[in-house]
Amino acid sequence: MTQQNRRFEVKIPIPLNRLHNIQAWLKTHLLGFEESFPERYVNSLYLDDAHLERYEENLSGISFRKKVRIRWYHDLVQAEKAKLEFKHREAGKGYKVTFPLDFDLANGQGRWPDILRVAHKSLPHRGQLLWGNEQMPILVCRYQRQYFESKCRRIRATFDQDMHVFDQRYHTSLNLRKHISLGAYVLMELKTDELYERQLSALIGSCPLRPSRHSKYVNGIRMLTWY
């Protein structure tokens, strides 16, 4: 099990016609942002209960809320080194609790009950307890991510593009037949530990665009509902 320190996470959607300007702003900032990790695809299976309580929490924006997801990288079907993540947010600060788990999308011919049963059994006891009623696969989100970090190593920035989702709500097996785009924009996220709130605020104040609330899970459900 891994638990992060509490951190601030600010999200800034970028219209495609402003992307070059925002990237230039970040790379020329006095904090000296540089690429910190190779670009890669990120895949997340979002889980919820029968009443979509995690969705409702995030939609309403209440102070304390969480998301439950299984995350893996690179290939969409070969889910190697997957982790179960509990992402908590309280009063503007967030932290994640993660557990490695067995997550074989080919198990049981891709049937969700078989895949999730094996995944649940592979967790330690605490992970099984934390994984409460969020047993329903809702959507798979996939995007391409770039990673940057300031020279002082205190602030991290990511750019997510080509964001799209696959609906799993009415499927007993993994559904990758049709995807829906989250829109023609790129999402920048700025992150730092709670100790460096002042530096993050100064950085945001110099950004040509303003932050806004954004949830890939919430936006994904909206797009699947509309289209």
Side-chain angles (χ1 to χ4, degrees), residues 4-37 39-40 42 44 46 54-67 69 71 85 87-96 139 141-165 180-227:
Q4 291 181 333
N5 295 329
R6 292 180 181 271
R7 68 181 188 180
F8 288 98
E9 185 175 291
V10 176
K11 301 180 181 182
I12 302 177
I14 307 170
L16 296 182
N17 63 356
R18 299 291 303 276
L19 179 59
H20 178 75
N21 291 340
I22 297 300
Q23 289 178 328
W25 161 79
L26 187 75
K27 292 178 181 178
T28 58
H29 194 275
L30 292 177
L31 287 174
F33 282 87
E34 297 177 341
E35 191 169 355
S36 59
F37 195 83
E39 186 174 320
R40 61 182 175 178
V42 181
S44 299
Y46 285 90
R54 304 289 79 81
Y55 167 74
E56 294 293 343
E57 286 176 354
N58 286 273
L59 182 64
S60 65
I62 61 175
S63 178
F64 180 81
R65 56 189 188 272
K66 75 172 182 177
K67 295 174 187 170
R69 67 190 181 198
R71 172 162 288 187
E85 296 185 349
K87 188 173 183 180
H88 299 268
R89 189 170 181 86
E90 184 175 3
K93 301 174 187 177
Y95 67 94
K96 287 193 294 188
L139 62 85
C141 181
R142 177 173 169 84
Y143 52 90
Q144 196 168 9
R145 170 167 280 186
Q146 293 176 292
Y147 299 81
F148 296 88
E149 191 173 39
S150 62
K151 282 188 176 180
C152 63
R153 301 293 183 256
R154 293 178 177 179
I155 300 178
R156 300 170 297 282
T158 57
F159 289 87
D160 298 340
Q161 57 186 332
D162 190 23
M163 297 176 282
H164 52 268
V165 293
I180 300 293
S181 171
L182 292 189
Y185 66 97
V186 172
L187 182 66
M188 178 172 68
E189 298 185 12
L190 301 172
K191 309 166 188 177
T192 191
D193 289 346
E194 60 181 340
L195 295 175
Y196 310 121
E197 178 183 5
R198 184 171 298 178
Q199 289 99 318
L200 179 62
S201 295
L203 176 65
I204 296 168
S206 70
C207 181
L209 296 177
R210 300 275 69 86
S212 69
R213 284 184 56 198
H214 186 284
S215 166
K216 295 184 182 77
Y217 179 44
V218 170
N219 287 0
I221 291 182
R222 283 174 171 168
M223 297 303 290
L224 292 172
T225 301
W226 293 342
Y227 296 100

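No donor-acceptor distance shorter than 3.5 angstrom exists from the side chain of S150 to the backbone of L31, with no hydrogens or angles considered. Here the side chain of T192 pairs no donor or acceptor atom with the backbone of F8 at under 3.5 angstrom. When atom types are taken as modelled, the side chain of E39 and the backbone of Q144 share no donor-acceptor pair closer than 3.5 angstrom. Listed for the R65 side chain is no donor-acceptor partner under 3.5 Å among the backbone atoms of E56.
In this structure, L200 CG and E194 CD are separated by 12.5 Å, a value rounded to the nearest 0.5 Å. Here the CD1-CG distance, from I221 to N58, works out to 9.0 Å after rounding to the nearest 0.5 Å. Taken from CG in L139 to OH in Y55, the straight-line distance is 11.0 Å, to the nearest 0.5 Å. A distance of 11.0 Å separates CG in L26 from CD in E34, rounded to the nearest 0.5 Å. Rounding to the nearest 0.5 Å places CG of L30 at 8.5 Å from OG of S206. To the nearest 0.5 Å, atoms CZ (R89) and CZ (R7) are separated by 9.5 Å.
Other residues, nucleotides and ligands contribute over 12 non-hydrogen atoms within 6.0 Å of the CZ atom of R210.
Ring geometry, Y147 versus F37: the interplanar angle exceeds 60°, so the pair is classed perpendicular (tilted spans 30 to 60°).
No side-chain N or O of Q146 forms a donor-acceptor pair with one of E35 less than 3.5 Å apart. Under the 3.5 Å distance criterion, with hydrogens and angles disregarded, a donor-acceptor pair is assigned to the side chains of K67 and S215.
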TODO: Show your working on side chain to side chain contact (heavy atoms under 4.5 Å, CB included) between E189 and R145 and close with a plain yes or no.
DONE: CA-CA 10 Å; E189 298 185 12; R145 170 167 280 186; 3.7 Å; yes
- [ ] Could you walk me through whether L195 and R154 pass the side chain to side chain contact (heavy atoms under 4.5 Å, CB included) test, one step at a time?
- [x] CA-CA 9 Å; L195 295 175; R154 293 178 177 179; over 6 Å; no
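Taking each heavy atom of I12 and C207 in turn, the nearest pair found is CD1-SG, 3.9 Å. Looking at every heavy atom in both residues, Q161 comes nearest to Y143 through O-CB, 3.5 Å. When all heavy atoms are compared, the tightest approach of G220 to L182 is CA-CD2, 3.6 Å. Nearest heavy-atom pair, P211 versus I204, reported as atom, atom and distance to 0.1 Å: CG-CG2, 3.6 Å. Considering all non-hydrogen atoms of both residues, S181 and H164 come closest at CA-CB, 3.9 Å. In this structure, K11 and L187 approach most closely via the heavy-atom pair CB-CD1, 4.1 Å.
At a threshold of 4.0 Å, the pair K93-E197 does not count as salt-bridged, since none of the basic side-chain nitrogens sits closer than that to a carboxylate oxygen. Looking at K96 and E9, no side-chain N of the basic residue comes within less than 4.0 Å of a carboxylate O on the acidic one, giving no salt bridge.
For the pair F159/L19, a side-chain contact is recorded, criterion being any heavy-atom separation below 4.5 Å from C-beta on. R222 has its side chain within reach of L59: a pair of non-hydrogen atoms, C-beta onward, lies under 4.5 Å apart. Side-chain atoms of N21 and P208, non-hydrogen and from C-beta on, never get closer than 4.5 Å to each other. The side-chain heavy atoms of K216 and D160, taken from C-beta on, include a pair separated by under 4.5 Å. Using a 4.5 Å cut-off on side-chain heavy atoms (C-beta onward), M223 and M163 make no contact. For the pair E90/F64, a side-chain contact is recorded, criterion being any heavy-atom separation below 4.5 Å from C-beta on. Counting heavy atoms from C-beta outward, F33 and I155 have side chains that approach closer than 4.5 Å. Two residues are said to be in side-chain contact when any heavy atoms from C-beta on lie closer than 4.5 Å; C141 and Y217 fail this criterion.
Here H214 and Y185 bring their ring centres to under 6.0 angstrom of each other.
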